[in-house]
Peer 1: 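Sharing a structure below in structure tokens format, with a few things to ask.
What you see is a predicted model; the values in this text were computed from it and never measured.
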Amino acid sequence: MSTAQTPIAVTGEATFDYSTYILTVKGTVNAQGLPTTVWVEYDTVSGSYSNKSSIQDVDGTSDTSVEINVNITSLSPNESGVIYYYYYRMVAKNEMGISYGEEESLGLVTPIIDCLCGVSGKITAAVSKEGIVDATIIDSEGSISYTNKLGYLLYVG
């Protein structure tokens, strides 16, 4: 029989549902034979984890890794068309201690919900395929759109 140990948390990839603004973080946890609680810490600044998801319980009857999906539902959109990043890590805790998964990140582009021009997306250079910075687009009515530092179209109006 093995001795109970600190759990092992491994942070996986995350996906974002733009229709519901729910971030789903995947990972694995090995409870090491003890009842364990799991959550995700996250923030928009790397190395800072001022936000915490709801807690999930993991059955600690074995020392096998189990897949965990944690939904974070309190995210709200930023300014339209702006790319922002969430930095996150999986955390597991049992009576022997706490384990932190590696930090991962996910870049999100807030949908351009106020764009009346009917155009959204990324403007790229034909040869390099990289985003064109500060490209300006003026429609027939004089409304101005431009691209951000990664080439994504922003509507100004």
Peer 1: Answer yes or no: is there a side-chain heavy-atom contact under 4.5 Å between Tyr87 and Val45?
Peer 2: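 No; the side chains remain at least 4.5 Å from each other.
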Peer 1: Quick check on the hydrophobic clustering: are Ile98 and Ile55 connected, directly or via other members, by side-chain heavy-atom contacts under 4.5 Å?
Peer 2: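 Ile98 clusters together with Ile55.
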Peer 1: Walk me through it: do Asn69 and Thr24 pass the test side chain to side chain donor-acceptor pair (under 3.5 Å)?
Peer 2: CA-CA 6 Å; Asn69 290 327; Thr24 301; over 6 Å; no
Peer 1: Side chains of Tyr42 and Ile72: closer than 4.5 Å at any heavy-atom pair?
Peer 2: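 They are in contact (side-chain heavy atoms under 4.5 Å apart), so the answer is yes.
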Peer 1: Is any side-chain heavy atom of Leu23 less than 4.5 Å from a side-chain heavy atom of Leu106?
Peer 2: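 Side chain of Leu23 against side chain of Leu106, heavy atoms only: contact under 4.5 Å found.
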Peer 1: Please examine the side chains of Ile68 and Val66, heavy atoms only from C-beta on, and report whether any two atoms are closer than 4.5 Å.
Peer 2: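 Yes - at least one pair of side-chain heavy atoms lies under 4.5 Å apart.
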Peer 1: Check whether any side-chain heavy atom of Met90 lies under 4.5 Å from a side-chain heavy atom of Val25, and answer yes or no.
Peer 2: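 Side-chain contact under 4.5 Å: yes.
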Peer 1: Tell me the closest heavy-atom pair linking Asp43 and Ser48, and the distance in Å.
Peer 2: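 In this case the closest contact between Asp43 and Ser48 is CB-O, 2.7 Å.
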Peer 1: When hydrophobic residues are tied together by side-chain contacts of less than 4.5 Å, even through go-betweens, does Val70 share a cluster with Leu108?
Peer 2: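 Cluster IDs for Val70 and Leu108 match.
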Peer 1: So Gln56 and Thr37, side-chain contact (heavy atoms from CB on, under 4.5 Å) or not? Walk me through it.
Peer 2: CA-CA 6 Å; Gln56 293 186 21; Thr37 56; over 6 Å; no
Peer 1: Of the options Val10, Val38, Thr64, Thr11, which is the one that meets Thr28 in a side chain to side chain contact (heavy atoms under 4.5 Å, CB included)?
Peer 2: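 Only one option passes, and that is Val10.
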Peer 1: Answer whether the closest heavy-atom distance between the side chains of Ile8 and Val29 falls below 4.5 Å.
Peer 2: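 With C-beta onward as the side chain, the pair stays apart.
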Peer 1: Is Glu103 salt-bridged to Arg89, going by a charged N under 4.0 Å from an acidic O?
Peer 2: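 No, this pair does not count.
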Peer 1: Would you name the heavy atoms of Gly97 and Thr6 that are closest together and state the gap between them?
Peer 2: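 Minimum heavy-atom separation between Gly97 and Thr6: C-CG2, 3.8 Å.
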Peer 1: Would Tyr100 end up clustered with Leu34 when hydrophobic side chains under 4.5 Å apart are linked, directly or stepwise?
Peer 2: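 No, it is not one cluster - the side chains of Tyr100 and Leu34 are not joined through contacts under 4.5 Å.
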